[in-house]
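In what follows, every chain begins at residue 1, and chains take the letters A, B, ... in the order their sequences are listed. What's counted below: heavy atoms across the whole structure, side chains too, no hydrogens, waters or symmetry copies.
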Amino acid sequence: MAIKAPRGTFDILPDRATLWNRVEAAARKVFHLYGYGEIRTPIFESVKLFASSIGETTDIVEKEMYIFQKGRETYALRPEATASVVRAYIEHNLHKTRAFQKFYYIGPMFRAERPQAGRFRQFHQIGVEAIGSADPLLDAECITMAADLFGELGVGGFTITLNTLGTDESRGRYREVLSLHLRQNRDALCENCRARIERNVFRALDCKVEGCRRITRSGPNVQDHLTDADRESFEKVTNALTGAGVAHEVDGFLVRGLDYYTGLVYEFLHGGLGAQNAICAGGRYDHLVADRGGPDVGATGFALGMERLIMALVDAQRGEAKDPRTPQVMLVNVGDEPRTRIFQLVLELRRRNVAAEMDHEARSTKAQMRAANRLGAPFVAVIGEDELESGRLKIKNMHTGEETPATFDTIADVLTSKLKAPAPKHSES
RNA sequence: GUGGGUGUAGCUCAGUUGGCAGAGCGCCAGAUUGUGGUUCUGGAUGUCGUGGGUUCAAAUCCCAUCACUCACCCCA
C-alpha cells in the first residue's frame with residue numbers, strides 16, 4: 001500500500017465503470033439526436049490558451065492549473081474544454097467550410113483545488129459547444145438537450161436557473177449601477193467583495209456571506225437594466241423553454257465565474273449533492289471565437305459534471321447497471337485433465353459470440369459452481385473424465401436445473417440456440 | 001490557502017474507568033471424494049494510519065505527522 005492515487009483523483013473500478021459507460025452512452029445518444037458531433041482535443045494545451053480564454057484573474061488561472069514545462073513551451077492540463085474546442089474550430093478553419101457547427105466532448109479536466117464532495121482534481125465533464133450562431137433558440141436547444149439527457153438517465157430533483165448578463169451595452173450599464181451600489185455599502189461588504197468591486201463586480205453577486213447577500217439582493221438587478229433587444233432575446237429563450245415543457249426560473253442575480261461568458265447564463269442545481277450542487281452550467285460566449293483570432297461569431301455551450309451526475313444517479317437509486325462481464329456459460333472442470341479441452345471449447349464459444357468462462361484458480365468443482373452462480377451465468381457444463389472419454393456432456397440451466405445433452409461438437413450450436421430462444425428471464429434494461 | 005470531523009480485518013463499524021483486538025457482511029473450506037443458490041458447521045485475515053511520549057501495561061491518555069473526509073474560497 002505504498003503509493004496511492006494522487007489526492008483528488010480516484011480509480012473507476014470495473015463495477016463502477018459500467019455506470020460511467022451508461023452515462024456516456026446516454027449522452028452520445030441524446031447529443032447525436034440533436035445533431036452534435038464528438039470532438040476530442042488534447043488533455044494539455046499551451047497555458048496561454050487557458051489564461052487568455054478563461055480570464056487572467058479567475059481562480060482557475062491564478063492558482064488551479066497543473067502547469068509543466070517542456071522545452072520552451074509551457075503547458076497546462078486542461079481545466080475545462082471550451083477554450084480547446086474554440087481553438088480547434090479556428091485552427092482547422094471550420095468556419096470556412098461550415099460556419100455553424102455543434103460539438104460535444106467527454107473527458108477528464110484538471111484543477112488543483114482542495115477536494116470535497118463533488119469536487120476533484122481530476123474530474124470529468126460532458127460538454128457541448130455550438131459555435132457560429134447567436135440564435136437564442138440555440139441556447140434553448142442546449143438547455144433542453146441537457147434536460148433530455150437527465151430525463152434519459154432518470155435523474156430528477158434539479159432546478160434550472162437562468163439569467164442574462166446582456167450584451168456589452170446592458171452589461172456596461174449594469175456594471176455601473178452595481179458598482180455604485182456596492183461602493184455605497186462598501187463598509188458592510190466582506191473583504192473579498194470589496195476587492196471584487198474593482199476586479200470583477202459581478203462576482204460579488206455570487207458571494208455567500210449573509211451580509212453581502214443582503215446588500216446585493218437589495219441592489220439593482222440585471223433584468224431591470226437590459227436593452228430592449230437583450231430583453232427580447234432573453235425572452236425568446238425562456239419562451240422556447242416553456243414551450244418545450246422545460247421548467248425553469250429566472251434569477252436576476254445569477255452570474256458565472258469564467259470571463260468569457262456573455263449574455264445568457266444558466267445553472268442546473270441539484271439538491272442532495274452537498275455544497276457543490278451545480279450539476280450542469282453554461283451560457284453564451286459570443287466574443288471568445290473572435291478574441292482567439294477567429295471570425296466574429298456567436299457561440300454557446302454548457303459543461304456537465306460527471307461525478308456530480310453520477311452522485312445524483314446513485315442518489316436517485318438509478319445507479320445500477322448490468323454487468324457486461326456476465327458469462328453466458330461456465331465450463332466447469334473436474335480435475336486438471338479436462339482443462340486443455342475446456343480452454344479450446346471456451347475459445348470456440350467466444351469466437352461464436354458466446355460469453356464463455358472457465359476456472360483459472362484450480363478450484364474445486366463445487367467452488368466453480370458457486371462462482372458460476374455468483375457471476376450470474378445462465379448455463380453451466382461440467383466436464384470431467386467421463387465427458388472426455390464419451391464426448392458427451394450436459395448443459396445445465398442454472399435457473400430451472402434442467403439438463404440438456406450435447407457433445408463437444410454440438411455444444412456451441414445447442415448453446416447459441418438456447419441463448420437466443422427463450423431469453424432467460426433476467427430482467428433487462 | 002483556512003477551519004471542523006474521521007483513521008481498528010477486504011467492506012461497514014463496535015471496543016467500558018488504560019488490562020489478552022472484536023462483530024456483521026464478504027471470502028475460503030466442509031456437511032454422500034462430479035453440481036450452485038437456502039441452511040448448518042468450521043477457518044483465515046490486523047503495522048489498531050505513522051512516529052514519538054506518559055505508564056508495570058496504550059487501539060484507549062499526551063505531542064507531532066500523514067492520509068481521508070466535509071466545509072470555506074471557487075467551480076462542473
Whole-Å distance separating the [atom1] atom of [X] from the [atom2] atom of [N]:
X	N	atom1	atom2	result
A:Ile60	B:rC75	CD1	C1'	6 Å
A:Glu113	B:rU69	CD	P	14 Å
A:Gln276	B:rU69	CD	P	14 Å
A:Phe379	B:rG36	CZ	C1'	15 Å
A:Arg256	B:rC75	CZ	P	7 Å
A:Phe10	B:rA67	CZ	P	19 Å
A:Ile3	B:rC66	CD1	P	18 Å
A:Glu307	B:rU69	CD	C1'	17 Å

Considering only atom [atom1], compute the distance from [N] to [M] and round it to an integer number of Å.
N	M	atom1	answer
B:rC75	B:rG18	P	50 Å
B:rA23	B:rG15	C1'	10 Å
B:rA67	B:rG49	P	16 Å
B:rC27	B:rC63	P	43 Å

Any base atoms under 4.0 Å from [X], or only sugar-phosphate, or nothing? Heavy atoms, all strands.
X	result
A:Leu258	sugar-phosphate
A:Ala372	nothing
A:Gly282	nothing

- Nucleic acid footprint by protein, nucleotides 24-34 of chain B - heavy-atom cut-off 4.0 Å, B for base, S for sugar-phosphate alone: ---SSS-B--B
- Using a cut-off of 4.0 Å between protein heavy atoms and nucleotide atoms, how would you tag nucleotides 3-10 of chain B 5' to 3' with B, S and -? B-------
Spell out yes or no: do the side chain of [X] and the base of [N] have one donor N/O and one acceptor N/O closer than 3.5 Å?
X	N	value
A:Arg308	B:rC75	yes
A:Asn373	B:rG37	no
A:Gln116	B:rC68	no

Kindly state whether the ring of [X] and the ring of [Y] have centres lying under 6.0 angstrom apart.
X	Y	value
A:Tyr104	A:His32	yes
A:Phe202	A:Tyr174	yes
A:Phe268	A:Phe302	no

- Should A:Val61 and A:Thr57 count as side-chain neighbours, where that means a heavy-atom distance under 4.5 Å?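 Not touching, per the 4.5 Å side-chain cut-off.
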- Task: Side-chain contact test, heavy atoms from C-beta onward, threshold under 4.5 Å: evaluate it for A:Arg28 versus A:Glu38 and give yes or no.
- Result: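 When only atoms from C-beta onward are counted, A:Glu38 and A:Arg28 do touch, with a gap below 4.5 Å.
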Pair up each side-chain donor or acceptor in residues 152-162 of chain A with any protein partner under 3.5 Å, not counting sequence neighbours, and list the distances.
from     : atom 1 : to      : atom 2 : distance (Å)
A:Glu152 : OE1    : A:Lys29 : NZ     : 3.4
A:Glu152 : OE2    : A:Lys29 : NZ     : 2.9

- Task: Could you check A:Ile395, A:Thr416, A:Val329, A:Thr404 and say which one makes a side chain to side chain contact (heavy atoms under 4.5 Å, CB included) with A:Ile411?
- Result: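 Of all the options given, the one that passes is A:Ile395.
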- Message: Please identify which of these residues, A:Asp359, A:Thr340, A:Ile383, meets the side chain to side chain contact (heavy atoms under 4.5 Å, CB included) condition with A:Asn333.
- Response: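 It is A:Asp359; the other options fail the test.
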- Atom CZ of A:Arg392 with >12 non-hydrogen neighbours under 6.0 angstrom: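 No, not enclosed.
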- Query: Do other residues, nucleotides or ligands put more than 12 heavy atoms under 6.0 Å from the CZ atom of A:Arg217?
  - Reply: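 Above 12, so yes.
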- Item | Given B:rA67, B:rA76, B:rC72, the nucleotide with the shortest approach to the side chain of A:Tyr261 |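 Between B:rA67, B:rA76, B:rC72, the one nearest the side chain of A:Tyr261 would be B:rA76.
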- Out of B:rA76, B:rU35, B:rC70, which has the shortest distance to the side chain of A:Met369?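 Output: B:rU35.
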- Task: Please list residues of residues 298-305 of chain A whose heavy atoms come under 4.0 Å from any atom in RNA chain B, ordered by number; otherwise none.
- Result: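 Residues of residues 298-305 of chain A that come under 4.0 Å of RNA chain B are, in numerical order, A:Ala303, A:Gly305.
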- Item | A:Arg256: salt bridge (charged side-chain N to carboxylate O under 4.0 Å, His left out) partners, not counting sequence neighbours |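 Once residues adjacent in sequence are excluded, the partners of A:Arg256 under the salt bridge (charged side-chain N to carboxylate O under 4.0 Å, His left out) criterion are A:Glu267.
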- Message: If the cut-off is 4.0 Å, is A:Arg7 near the phosphate of B:rC68, judged by side-chain N/O to OP1 or OP2?
- Response: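 So the side-chain polar atoms of A:Arg7 do come within 4.0 Å of the phosphate oxygens OP1 or OP2 of B:rC68, strictly under.
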- Query: For RNA chain B, what is the dot-bracket line, given that a base pair needs Watson-Crick (N1 to N3, plus N6-O4 or O6-N4) or G-U wobble (N1-O2 and O6-N3) geometry with both distances under 3.5 Å, and | means paired with another strand?
  - Reply: (((((((..((((.....[..)))).(((((.......))))).....(((((..]....))))))))))))....
- So, the side chain of A:Arg121 versus the backbone of A:Glu113: is there a donor-acceptor pair under 3.5 Å, distance only?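 Here the side-chain-to-backbone pair exists.
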- Message: Between A:Asn373 and A:Met369 (side chain of the first, backbone of the second, donor and acceptor by atom type, cut-off under 3.5 Å), is there such a pair?
- Response: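 Judged by distance alone, no pair lies under 3.5 Å.
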- Task: For A:Pro115 and for A:Phe120, locate the closest nucleotide of RNA chain B by heavy-atom distance; then report the residue assigned to the nucleotide nearer the 5' terminus.
- Result: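 Its nucleotide being nearer the 5' end, the pick is A:Pro115.
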- Message: Parallel, tilted or perpendicular: which one describes the rings of A:Tyr36 and A:Phe31, with boundaries at 30° and 60°?
- Response: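 Rings of A:Tyr36 and A:Phe31: tilted, 30 to 60°.
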- Give the intermediate values and the outcome of side chain to side chain contact (heavy atoms under 4.5 Å, CB included) for residues A:Asp148 and A:Leu33. CA-CA 11 Å; A:Asp148 280 3; A:Leu33 220 44; over 6 Å; no
